[in-house]
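Chain letters run A, B, ... following the sequence lines, proteins first, then strands; residues in each count from 1. The structure presented is a predicted model; accordingly, all values stated were derived computationally and were not measured.
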Amino acid sequence: MTDISQNAAAEQSVPAGDGFGTEPAEPGFVRIQGKWQRVWEELKPFATADSDDKRPRKYILDMFPYPSGDLHMGHAEAYALGDVIARYWRQQGFNVLHPIGWDSFGLPAENAAIKRGVDPREWTYANIAQQRESMVRYAPSFDWDRVLHTSDPEYYKWNQWLFLKMYERGLAYRKDSWVNWDPVDQTVLANEQVLPDGTSERSGALVVKKKLTQWYLRITDYADRLLDDLNQLEGRWPSKVIAMQRNWIGRSTGADIDFEVEGRSEKVTVYTTRPDTLAGATFMVVAPDSDLAGELVAGAEDAGVRMAFQDYLEKVQKSTEIERLTADREKTGVFTGRYAINPLTGERLPIWAADYVLSDYGQGAIMAVPAHDQRDLDFARTFDLPVRVVVDTTQPVTGAIPVITEEDLENHAAHPDEFDPATTGTALTGEGRLVNSGQFDGLSKVNAIAKIVAHLEAQGLARKAKNYRLRDWLISRQRYWGTPIPILYDREGNEVPVPEEQLPVRLPASEGLDLKPKGTSPLGGATEWVETELDGKPMRRDTDTMDTFVDSSWYFLRFMSPNDDTQAFDPKEVDKWAPVDQYVGGVTHAILHLLYARFITKVLFDMGYVSFTEPFTALLNQGMVLMEGSAMSKSKGNIVKLSEQLDEFGVDAIRLTMAFAGPPEDDIDWADVSPAGAAKFLARAQRIAADVTSVPDVVWKTGDEKLRRQTHRLWADAPGLIEAFKFNVLVARIMELTNATRKVIDSGAGPADAAVREAAEAIALTLSLFAPYAAEEMWETLGYEPSVALYGWRKADPTLLVEESVTAVVQVDGKVRDRLEVSPKIAGEDLEKLARESTAVQRAIGERQVVNVIVRAPRLVNIATKP
RNA sequence: GCCGGUGUGGCGGAAUGGCAGACGCGGGGCACUCAAAAUGCUCUAUCCGAAAGGGUGUGUGGGUUCGAGUCCCACCACCGGCACCA
């Protein structure tokens, strides 16, 4: 017995063409993948059909990748799941737009350029080429004729156009303010890019505050709409994302209230959500870094106060974000030497400066009500300021009770000391009724707010007000690899927009520029580029580039007419396709990208360019791919390389594993799943197709009925499963059908039976969502022309969905005691009779007395007993 | 602290208020083989029992219901987001 003969035997044991041979050097799937890639390239089965196509349309969009290197496991999951949806709709007879592009501006290219001395362009486009090649192998059904790169001038030209349109409407503006500064990347960051611990999302550096003149987009003008329109997305977006967006926008409603200040002609306005507690305001606090604080202190008589304030202000400005944001740190502050007058009680309130009040929220000043606000209470206790309870929370108000009774008043008098915030240190923030508030005593919170605001409003001392946590979107970046901001400055420093016909303002070559972070834009070094002219007048270009989130905030529109060089997008095409029917991507973009894209969509709606106000009708967030319980990272050394997985198991097995692992929004721990198991199943499915001996036009209804029933139940259930994103369940159902078909082939009606072919075809058609190569191969084996992806799914035959018999369960006191095979049409009384006759049931009832019998024919009988 | 989510076998996970654990992974047994691999068949929540059969069981405690993994209340644990935003 020689090695050679062993090999020959092994090869013969594998059915020809199943693609899963035993040669370790080149697994069968390699041949299949190459084969079908060539076919698809020629056939272009996934090109979006022309505008005269009569089919209904679906726009299925995957978040486009950043070309930071080759594709990784996270991409593999996202694109596998998005492709299931795209392929499904195509097989449901829809004309599907499923495009891909690259989000190719951004810092990593620049940092790589600095590190290795290469052009960011080269680095970027080399990575794109590599990702594209991997993507083609991975075989999502993209329309490869619509690819875009945001770093192409043909794309970023329209970024600049968008900026100018917004500038015209006053939605893009420059302002001088404190910004988040990343000392490592040497650039400003949007609020959204600063992590909760005060570090930069990108570099991890501790973010500091710096005062700079920067470009902003007026997203706060859209805060109400961004918040309210979330209601439309309810049920179609993950509730988690909706909640995060609501939270981020952070709308609060209350009132602005004016306070007289001694020795100052102008009043000071504060914002509060609790006007009902006004009588409990015992001091006022202003943000130390506000202009107001400086001005108040300047007017203080005591020089010691002024010096103390200066010291405090310096200390505050030096403290880092991370210190400032530490939740329960000691309250700090200084007295400004000035007093305000409580408009309700006429009391003198000392005005303090403290950094727990933020200069850029509300009015930068608050009325402090220590009894009913924990922060104010902490401050009052630290500096020994008075605390006065004005809401009795000992008897919470349900509903809106307008006036108190005599009895209630007595309860107030008996107000127990153990609730006094001054002693307990716990502010009373609950509902209650007003006390110590003069004419407003006895009112509930809701009524008190309305009455007190109305009372002050009548005197011109208050107005209803709204505030948002959301701030305007800072888009200037002091970096090279981004869209140049299309603004010029004349000799006097006035802003002059670049005329639209001069767009794009192209990035100058990086050659000769110092890209190293130095606090100002590298473009400043491109003298010939910066110094330009307009209408014969010398001009200097703005040297900053735009936040790359601008690029990705409208790319979904560009996909509808990617090669149009006369406009950003073709409104006719947009009318046809948009908004996106299904968006697929990671939850990491739950706030930033999605909020910005929603904002820009509303802006374009207002400008009349689009007819919808929400860009993404439905959103699916896939989970992350983990390894042994944690996110893959270099430092943990637990990175699973996609390319290696594909080499070992093949594309189909990896894609199938992603879909079968669990619900798409759950994380996948790669250590818990089995690509080898998926590969085994795919081989099994392909053997089914190879075993079929009947011809394509065989008459199905002559086939084995039991198998036919199962096939048709799959056809009945599959669409619902996909539309509910239960991909894992559909895969399980395909596996069940495969197992059943195997049994019929081996020990039932045999491989020539018509039902076997019908089942095999169903397996190929449904499997094509998950494993396109294997499905094409099966489809060919079964005698059809490619591509299986273009064959419509079949409809279930309703007569085959009616069971010939069902299992009825008989319970006694809720416990299953017997199972009966009955007709699905059995009458209730017949079923009950059968159930009572069952020996197992009689044994279970024993001596007990039957008190109730529930019959749900034909599935269930439940007999309730008592002793 | 606030908001959102999740708790089901050894593991990933199924389950319109009606048979808990589909499907798969892992594990056991068997067939084929000189043998192994591959493939196919089969068993696999747990406890008692030789078996027949029975008890228990979906984070904990209550409740609604003929019937609860599923609905309601309270609690515990874990995960995610936000957090001095007045």
Base, sugar-phosphate or nothing for A:Gln811? Non-hydrogen atoms, less than 4.0 Å.
base
Does the plane of the ring in A:Phe383 sit parallel, tilted or perpendicular to the ring in A:Trp352? Use 30° and 60° as the thresholds.
tilted
Which base sits across from B:rC82 as a Watson-Crick or G-U pair, both distances under 3.5 Å?
B:rG1
Contact class for A:Asn862 (heavy atom, under 4.0 Å): base, sugar-phosphate, or nothing?
base
Can a donor-acceptor pair be found, under 3.5 Å and without considering hydrogens, that links the side chain of A:Asp813 to the backbone of A:Thr865?
yes
Quick one: is B:rG40 close enough that its OP1 or OP2 comes under 4.0 Å of any side-chain N or O from A:Arg687?
yes
Quick one: A:Phe681 CZ to B:rC23 C1', roughly how many Å, whole number?
10 Å
Base paired to B:rU6 (Watson-Crick or G-U; both N/O distances under 3.5 angstrom)
B:rA77
Does A:Tyr361 put a side-chain nitrogen or oxygen below 4.0 Å from OP1 or OP2 of B:rA86?
yes
Find the distance A:Glu736:CD to B:rA15:C1' and express it as a whole number of Å.
12 Å
Kindly point out which of B:rG13, B:rU39, B:rA86 is positioned nearest to the side chain of A:Pro663?
B:rG13
When you measure from the side-chain N and O atoms of A:Asn728 to the phosphate of B:rG24, is any distance below 4.0 Å, counting only OP1 and OP2?
no
Check the distance between B:rG13's P and A:Phe725's CZ and give it to me in whole angstrom.
19 Å
Return the value, rounded to whole Å, for the distance between atom CG of A:Leu358 and atom P of B:rC82.
17 Å
On a whole-Å scale, what distance lies between the C1' atoms belonging to B:rC32 and B:rU42?
15 Å
P-based separation of B:rG49 from B:rA36 [nearest Å]:
36 Å
Identify, between A:Ala840 and A:Thr807, the residue whose nearest nucleotide on RNA chain B lies closer to the 5' end.
A:Thr807
Rounded to whole Å, please give me the gap between CZ in A:Arg733 and C1' in B:rC23.
10 Å
Donor-acceptor check, side chain of A:Ser290 to backbone of A:Ala293, threshold 3.5 angstrom: yes or no?
yes
With a sphere of 6.0 Å drawn around CZ of A:Arg236, does it hold more than 12 non-hydrogen atoms of other residues, nucleotides or ligands?
no
To the side chain of A:Arg817, which of B:rG54, B:rG5, B:rG40 is closest?
B:rG54
Students often get this wrong, so: under 4.0 angstrom with heavy atoms, is A:Lys815 touching a base, only sugar-phosphate, or nothing?
sugar-phosphate
Options B:rG18, B:rC66, B:rA86, nucleotide nearest the side-chain atoms of A:Thr273:
B:rA86
Complement of B:rG17, any strand, by Watson-Crick or G-U distances under 3.5 angstrom
none
Keeping A:His372 on the side-chain end and A:Leu428 on the backbone end, is there a donor-acceptor pair under 3.5 Å?
yes
Pairing nucleotide - B:rG12, Watson-Crick or G-U, each distance under 3.5 Å
B:rC23
Does any nucleotide pair with B:rA31 by Watson-Crick or G-U wobble geometry, both distances under 3.5 Å, and what is it?
B:rU39
Between A:Asn231 and A:Arg246, do the side chains contain an N or O donor and an N or O acceptor separated by less than 3.5 Å?
yes
Closest to side chain of A:Asp373, choosing from B:rA86, B:rC41, B:rA15
B:rA86
Whole-Å C1' distance, B:rG17 and B:rA31
45 Å
Just call it for A:Asn247: base, sugar-phosphate, or nothing, with non-hydrogen atoms closer than 4.0 Å on any strand.
base
Report yes or no: is there a donor-acceptor pair, N or O only, under 3.5 Å between the side chain of A:Arg859 and the base of B:rG18?
no
5'-most contact on RNA chain B: A:Asp746 or A:Ala864, nearest heavy atom basis?
A:Asp746
Could you give the distance separating B:rG7 and B:rU70 at their P atoms, to the nearest angstrom?
11 Å
Nearest-Å distance once atom P is located in both B:rG12 and B:rA20
23 Å
So if I take every side-chain heavy atom of A:Arg684 and compare against B:rG13, B:rG12, B:rG40, which nucleotide ends up nearest?
B:rG40
In terms of side-chain heavy atoms of A:Lys240, which of B:rA14, B:rA86, B:rG80 is nearest?
B:rG80
Residue-phosphate contact under 4.0 Å: A:Arg742 side-chain N/O, B:rU39 OP1/OP2
no
Quick check for you: among B:rC84, B:rG18, B:rC23, whose closest atom lies nearest to any side-chain atom of A:Ile854?
B:rG18
Relative to its sugar, using the 90° cut-off around 0, the base of B:rG9 is syn
Counting only side-chain heavy atoms from C-beta out, which of B:rC66, B:rA86, B:rG4 sits nearest to A:Ala243?
B:rG4
Whether A:Arg469 contacts B:rA83 is assessed here as follows: a side-chain N or O lying under 4.0 Å from the phosphate OP1 or OP2. Is that the case?
yes
Is the shortest side-chain N/O distance from A:Ser252 to OP1 or OP2 of B:rA86 below 4.0 Å?
yes
Answer yes or no for A:Lys331 and A:Tyr356: cation-pi contact, defined as NZ/CZ to six-membered ring centre under 6.0 Å and angle to ring axis within 45°.
yes
Please tell me if A:Asn739 has a side-chain N or O lying less than 4.0 Å from either OP1 or OP2 of B:rG40.
no
Between B:rC2 atom P and A:Met244 atom CE, what is the distance in whole Å?
19 Å
Hey, mind stepping through A:Phe283 and A:Ile351 against side chain to side chain contact (heavy atoms under 4.5 Å, CB included) and telling me if it holds?
CA-CA 6 Å; A:Phe283 55 101; A:Ile351 305 178; over 6 Å; no
Within the 4.0 Å heavy-atom criterion, would you say A:Val816 contacts the bases, only the backbone, or no part of the nucleic acid?
sugar-phosphate
Spacing of A:Trp248 atom CH2 relative to B:rG4 atom C1', expressed in whole Å:
16 Å
Span that lies between the P atom of B:rG10 and that of B:rG18, in whole angstrom:
25 Å
OP1, OP2 of B:rG24 versus side-chain N and O of A:Lys680: anything below 4.0 Å?
no
Return the nearest nucleotide to the side chain of A:Lys743; candidates are B:rC82, B:rA86, B:rU42.
B:rU42
Passing option when A:Leu456 is tested against A:Asp256, A:Ile257, A:Asp258 for side-chain contact (heavy atoms from CB on, under 4.5 Å):
A:Ile257
How far does the P atom of B:rG27 sit from the matching atom of B:rG80, given to the nearest Å?
32 Å
Minimum-distance nucleotide (side-chain atoms of A:Leu860 versus B:rG24, B:rA86, B:rG18)
B:rG18
Is there a donor-acceptor pair closer than 3.5 Å between any side-chain N or O of A:Gln363 and the backbone N or O of A:Tyr271?
no
Report the distance from atom CG of A:Leu626 to atom C1' of B:rC79, rounded to the nearest whole Å.
11 Å
